[in-house]
Chemist: 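Below you will find the structure I want to go over with you.
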Amino acid sequence: MNRPRISRRTMLKSTGLKTAGAVAIGLPLLEEMTLTTASAAGQVEVPVRAFNVFFGLGIPAPLQREGYDGVLEPLKPLRDKLLIMRGVDQLRADEKGINAHYDGATAAFTAQPPDGEAKAGGASIDQVIRRDHYPDGMPPGMVPTLVAGTFFRRSRIGRYVHSFNADGTVAATMQEKPRDLFERVFGTLEAAGDDPDQRRARLRRSVLDAVVDQYKFYTGANSPLGKTSRARVAEHLDRIREYEQRAYAMKGKIEGAPPLPERSTLLHGGSADPGGEGIDITLEELSSEWRLMADLYALAIQTDRTRFGALTFLAAGERIRLTGDYHYDGRKIFQFDDEGQLKKSGSAGCSHEWWHQFNEKKANEALRAHAHLKMREVAYFLSRLDTEESRDANGKTILENSLITISTESGDGRHNDVKRELSGVFHAISGGGGRFKTGQIVDVGAEGVDVYNTMLTAMGCKQRLGPKKRDASHVDAIRV
C-alpha cells in the first residue's frame with residue numbers, strides 16, 4: 001500500500017512548526033516524506049551538504065603512517081565511510097614570519113594563505129559548493145551557514161573560524177556556547193525588556209511551548225502520520241527538549257528525561273585566552289562541552305536546518321593545560337597532566353608544547369594521547385551523522401551522502417622547517433554521495449589546492465580555488 005506523500009517544508013509551513021515567532025523547529029525524515037519504492041527509481045532527492053571539521057595542532061606525518069593502529073584508531077569504526085588522505089601539501093599558504101598555527105590553519109579548507117588577521121585568501125570548500133548548488137540562496141528559514149566550535153585560543157580569526165566567503169571574509173558568526181548554538185538553530189522565546197523576573201521566566205519555558213498544539217495533533221489519534229512516524233515526531237521533540245535543557249541547564253525537566261549537567265563553567269571570549277598563557281581544564285569539562293555542541297550541530301543537520309558550515313574542536317595553536325584520566329574502548333590510554341608532566345607553568349605547561357617536542361625517534365606518549373583524544377571527539381561527531389535518525393531518502397546516512405572534510409593546521413608542529421611543517425597535513429573526507437573512494441588510506445602527494453579542486457569537480461562545481469592562471473592537476477586517486 002502506497003503511503004501519502006507529505007512535503008517536509010509544506011508540513012512545517014502549514015503547521016507553524018517551522019516558524020512561530022522566533023522559534024524554528026525542524027522535523028526528522030518521516031516515511032510520508034519519502035517516495036514509495038516503485039516511484040522512487042531515479043527520483044530520490046538528497047540535499048547537497050558540505051561541512052568542514054577542524055581540530056587543532058595537527059597529527060605529525062610520521063604518526064599518520066601508522067594508520068588505524070595508531071592515533072587514528074578512533075576513526076576505525078567509520079573507516080568504510082571515510083577516505084584518509086596523507087601527504088597533502090599546503091606550502092602555498094606559507095607567510096614569512098608566521099607559523100602554521102595561523103597560515104596552516106587558514107589554509108585548511110581554502111588552500112590559500114591568509115589575507116591579514118581577519119580574512120582568508122579566498123573561499124572555503126563548503127562555501128564554493130553552497131554558491132554553486134544554491135546560487136539563489138538557501139530555502140527560506142534555513143540557517144545559510146552554521147559555524148560553531150569548542151576552542152580557547154583566539155587572536156587571529158583563522159585559528160578557529162573555518163568557513164569563508166569568496167572574498168575571504170568569515171561566512172557566519174561563530175557560535176561557541178551551547179545555548180547560543182541552540183538559539184541560532186532552533187530559536188528562542190524572547191522575554192521583553194530586561195526585567196530579571198522575565199528572564200527567569202524565559203529560562204523556565206521551552207521553544208517547544210510554541211508548537212505544543214502541533215505536537216499534540218501530529219502525535220494524536222487524528223494525525224495523518226503512520227504509527228512509526230508519530231513515534232519519531234514524539235521522540236524528536238523530546239530530544240530537542242533534552243538538548244535545550246542541557247544547553248541552558250534548566251532546573252525543570254520532563255519526567256523520564258536524563259539528568260541535567262551543571263551549567264557550563266568554561267571560559268569563553270577573551271577570558272578564555274588570558275594573554276595567550278592558556279587555561280586549566282579537565283578532560284570531563286572539555287569532552288562534555290564539545291559533545292553537547294556536536295549533538296546540537298548534528299541535530300541541526302538531521303532536521304535540515306543547515307547544509308553548510310564548519311565545526312571546530314580546539315583552535316589552531318591551542319593552549320590548554322589538560323588533566324584527567326583518558327579511557328578508550330575499555331582501556332586506559334593516558335593520564336593527562338600537562339603542567340605536571342611538562343614541569344612548567346603558563347603557556348609552557350600547555351599541551352601545545354608536546355607538538356614542539358615531537359621526535360620521530362621517541363615514544364611521544366603525551367602527544368599521541370592528545371592526538372588520539374582529538375580523533376575520538378571528531379569520531380563522536382561523525383558518528384552522530386551515521387545513525388538511523390540520520391538516514392536520507394535514498395536509505396544512506398547523512399555521513400555517507402555529505403562531503404565532510406576533516407583537517408588541521410600542520411604535519412609537524414616544531415616550527416623549525418616550513419616545508420615539513422606545511423606538508424603531510426592530515427585530511428579525511430566522507431563519501432560525498434558516493435563520489436569518493438571511501439574505505440581507503442591514500443598517499444596523495446599533492447597540493448591542497450589540487451586536492452580541493454578535485455573534490456569540487458566531483459561535487460559538480462564550476463568554481464575553483466587558487467589562482468585562475470594556475471594549471472590544474474587532478475588527483476584521480478581519490479575519486480570514484
Chemist: Quick check: do Leu385 and Thr397 have side-chain heavy atoms less than 4.5 Å from each other?
Modeler: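 Not in contact.
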
Chemist: Do Gln357 and Leu367 have side-chain heavy atoms sitting under 4.5 Å apart?
Modeler: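 With C-beta onward as the side chain, the pair stays apart.
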
Chemist: Nearest 0.5 Å please: distance from the CZ atom of Phe308 over to the CZ atom of Arg131.
Modeler: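 Those atoms lie 10.5 Å apart.
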
Chemist: For the atom pair OG1 (Thr173) and CZ (Arg184), what is the distance rounded to the nearest 0.5 Å?
Modeler: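 So the gap between those two atoms works out to 7.5 Å.
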
Chemist: State whether Tyr380 and Arg291 meet the cation-pi test: NZ (Lys) or CZ (Arg) under 6.0 Å from the six-membered ring centroid, and within 45° of the perpendicular axis.
Modeler: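 Yes, Arg291 sits over the ring of Tyr380.
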
Chemist: I'd like to check Arg92 versus Gln112 (side-chain heavy atoms, cut-off strictly below 4.5 Å). Are they in contact?
Modeler: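 Heavy-atom side-chain distance check passes, below 4.5 Å.
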
Chemist: For the NZ atom on Lys76, are there more than 12 heavy atoms of other groups (residues, nucleotides or ligands in this structure) within a distance under 6.0 Å?
Modeler: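 Not buried by this count: 12 neighbours or fewer within 6.0 Å.
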
Chemist: Please evaluate residues Glu377 and Phe55 with respect to the criterion side chain to side chain contact (heavy atoms under 4.5 Å, CB included), reporting the C-alpha separation (whole Å), side-chain torsions for both, the decisive distance (0.1 Å), and the verdict.
Modeler: CA-CA 9 Å; Glu377 300 309 317; Phe55 63 93; over 6 Å; no

Chemist: Is a salt bridge present between Glu73 and Arg331, judged by a nitrogen-to-oxygen distance below 4.0 Å?
Modeler: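 Yes.
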
Chemist: Arg384: which residues meet the salt bridge (Lys or Arg N to Asp or Glu O under 4.0 Å) condition with it, sequence neighbours left out?
Modeler: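 For Arg384 the salt bridge (Lys or Arg N to Asp or Glu O under 4.0 Å) partners, ignoring immediate neighbours, are Asp295.
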
Chemist: Report yes if the side chains of Met375 and Ile59 come closer than 4.5 Å at any heavy-atom pair, otherwise no.
Modeler: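 In short, these two side chains touch, coming nearer than 4.5 Å.
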
Chemist: Just how far is it from atom CD of Glu339 to atom OG of Ser345, taken to the nearest 0.5 Å?
Modeler: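 Separation between the atoms: 6.0 Å.
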
Chemist: For the ring pair Phe313 and Phe381, is the centre-to-centre distance below 6.0 Å?
Modeler: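 No, the ring of Phe313 stays outside the 6.0 Å limit from the ring of Phe381, centre to centre.
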
Chemist: Work out which heavy atom in His427 is nearest to a heavy atom in Tyr452; give both atom names and the distance.
Modeler: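 Looking at all heavy atoms of both residues, the closest pair is NE2-OH, 2.7 Å.
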
Chemist: Side chains of Phe109 and Ser163: closer than 4.5 Å at any heavy-atom pair?
Modeler: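 The answer is no, as the side chains (C-beta and beyond) never meet within the 4.5 Å cut-off.
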
Chemist: What I'd like to find out is whether the side chain of Leu286 reaches to under 4.5 Å of the side chain of Leu314, using heavy atoms alone.
Modeler: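 Counting from C-beta outward, Leu286 and Leu314 do come under 4.5 Å.
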
Chemist: Going from CD1 on Ile84 to CD1 on Ile406, what distance comes out if it is rounded to the nearest 0.5 angstrom?
Modeler: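 Output value for this atom pair is 7.0 Å.
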
Chemist: Hey, could you give me the CD/CD distance between Gln127 and Gln463, rounded to the nearest 0.5 Å?
Modeler: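 The CD atom of Gln463 is 10.5 Å from CD of Gln127, to the nearest 0.5 Å.
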
Chemist: Centres of the Phe334 and His372 rings: under 6.0 Å?
Modeler: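 Ring centres of His372 and Phe334 not closer than 6.0 Å.
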
Chemist: Indicate the atoms forming the closest heavy-atom contact of Val185 with Ala300, along with that distance.
Modeler: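 That closest heavy-atom pairing would be CG1-CB, 3.5 Å.
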
Chemist: Under the 3.5 angstrom rule, does the side chain of Glu285 hit a backbone N or O of Leu266 as a donor-acceptor pair?
Modeler: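 Checked: no pair found.
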
Chemist: Please check if the side chain of Tyr297 supplies one atom and the backbone of Ala310 the other of a donor-acceptor pair under 3.5 Å.
Modeler: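 Such a contact is found between Tyr297 side chain and Ala310 backbone.
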
Chemist: Among Asp280, Leu373, Thr282, which residue meets the side chain to side chain contact (heavy atoms under 4.5 Å, CB included) test with Leu322?
Modeler: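 Of the listed residues Asp280, Leu373, Thr282, the side chain to side chain contact (heavy atoms under 4.5 Å, CB included) partner of Leu322 is Leu373.
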
Chemist: Parallel under 30°, tilted from 30 to 60°, perpendicular over 60°: which one fits the rings of His101 and His415?
Modeler: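 Aromatic pair His101/His415 classed perpendicular.
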
Chemist: For the residue pair Glu318 / Ser351, report whether a side-chain donor-acceptor contact shorter than 3.5 Å exists.
Modeler: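 No, no side-chain donor-acceptor contact under 3.5 Å.
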
Chemist: Could you pull out the closest heavy-atom pair between Ser390 and Gln302, with the gap in Å?
Modeler: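 Looking at all heavy atoms of both residues, the shortest contact is OG-NE2, 2.9 Å.
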
Chemist: Test side chain to side chain contact (heavy atoms under 4.5 Å, CB included) on Thr145 and Thr306 and set out the steps.
Modeler: CA-CA 7 Å; Thr145 297; Thr306 192; 5.9 Å; no

Chemist: Atom CE in Met293, atom CZ in Phe182: separation rounded to 0.5 Å?
Modeler: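 Reported to 0.5 Å precision, the distance equals 13.5 Å.
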
Chemist: Within the structure provided, determine whether Leu403 and Ile429 are in side-chain contact (heavy-atom separation under 4.5 Å).
Modeler: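 A side-chain contact under 4.5 Å exists here.
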
Chemist: Is there side-chain contact between Glu289 and Ile281, with heavy atoms separated by less than 4.5 Å?
Modeler: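 Not touching, per the 4.5 Å side-chain cut-off.
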
